[in-house]
Amino acid sequence: MTATLGMVLANFFDLRINPPISHRFARLGAAMLFAVLSGLASARAQTPGVAGVDATVIEDIVIGSRILADFGVVDGFGHLSARDPANPNHFLMSRSLAPALVTANDIMEFDLDGNAVDPRGRSVFLERFIHSEIYKARPEVMAVVHSHSPGVIPFSVSQVTLRPMFHNAAFLGAGAPVWDIRKDFGETDMLVRDPARGKSLALLLGDKPVVLMRGHGDVTVGPSVRVAVFRAYYTDVDARLQSQAIALGGEINYLTPGEGAKADAVNLAVLDRIWNLWKMRIAR
Ligand SMILES: [Zn+2]
């Protein structure tokens with residue numbers, strides 16, 4: 001390809017520059033022009049993001065990470081990833097970095113075993129296997145959020161089941177199982193630091209949108225970054241509201257599964273409204 005372009009340029013000069021200028025100079029000019037064009041191509045390859053990946057997906061990871069940080073769903077920890085739409089066997093996530101600091105230049109590409117495709121010495125998240133194993137198990141999932149959101153933790157360690165309190169958290173009507181790492185792996189550092197732990201977590205998630213992690217946090221998934229972020233945010237809001245309702249005492253009138261399904265369909269249809277609001281707020 002590059003050789004062909006070089007020949008085309010050389011022929012261009014051969015055709016138009018006659019005896020007053022030797023072919024040697026003509027070819028030199030072609031080489032110089034080719035070098036300039038190559039430089040421009042190289043500059044394009046170095047623009048933020050991952051080469052060959054849709055810039056919109058990269059942008060959504062960056063914006064989504066900042067939204068989650070600004071609204072307290074994540075702090076210095078937690079991460080967001082997206083499956084590469086052009087290569088379903090790869091996913092994209094930041095190098096090991098606090099979500100609020102993520103830029104397009106920090107996004108890396110991984111295979112479904114959690115290996116970085118082009119590591120270049122960058123440090124990666126220990127818990128990337130949460131993402132890789134869910135992408136393996138759930139072909140339709142295009143984005144994954146892992147957070148340690150404070151509202152959720154009580155529901156990961158108590159006997160109270162997290163349930164949908166209001167329409168924005170309707171997706172919880174499908175259930176939010178609690179994964180206990182101790183069950184399969186004994187006493188650990190609590191981190192999903194290898195494929196076996198990620199696979200166990202993905203197995204309990206099943207076909208649900210959310211799984212809680214005992215003494216750790218939760219994972220939300222979705223068909224896009226925006227949906228996964230929406231679910232991470234409203235899982236935390238719902239958990240806080242449920243704790244408040246429990247504190248009030250008496251029986252709680254949760255959404256029924258039927259109400260949950262109907263309300264979730266509406267939420268997914270109007271999701272860009274809240275996404276655009278969040279995006280504007282983090283831009284201030
Ligand atoms: Zn974690």
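What you see is a predicted model, and the numbers here were worked out from it, not measured in a lab. One-based numbering, in listed order, for ligands and for the atoms of each.
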message: Check the orientation of H146 and H216. Use parallel for under 30°, tilted for 30 to 60°, and perpendicular for over 60°.
response: perpendicular
query: Which residues satisfy the side-chain hydrogen bond (donor to acceptor under 3.5 Å, both in side chains) test with R66, sequence neighbours excluded?
result: none
Partners meeting salt bridge (charged side-chain N to carboxylate O under 4.0 Å, His left out) with E127 (sequence neighbours left out): none
task: Spell out, as yes or no, whether a donor-acceptor pair under 3.5 Å connects the side chain of R122 to the backbone of P119.
output: yes
message: Using a strict cut-off of 2.8 Å, how many protein N/O/S atoms surround the Zn ion (ligand 1)?
response: 4
- request: Could you tell me whether R231 and D264 have a side-chain N and a carboxylate O separated by less than 4.0 Å?
  value: yes
Do any side-chain atoms of residues 270-281 form donor-acceptor pairs under 3.5 angstrom with protein atoms, and if so which ones, sequence neighbours left out?
| from | atom 1 | to | atom 2 | distance (Å) |
| --- | --- | --- | --- | --- |
| D272 | OD1 | R226 | NH1 | 3.2 |
| N276 | ND2 | D272 | O | 3.1 |

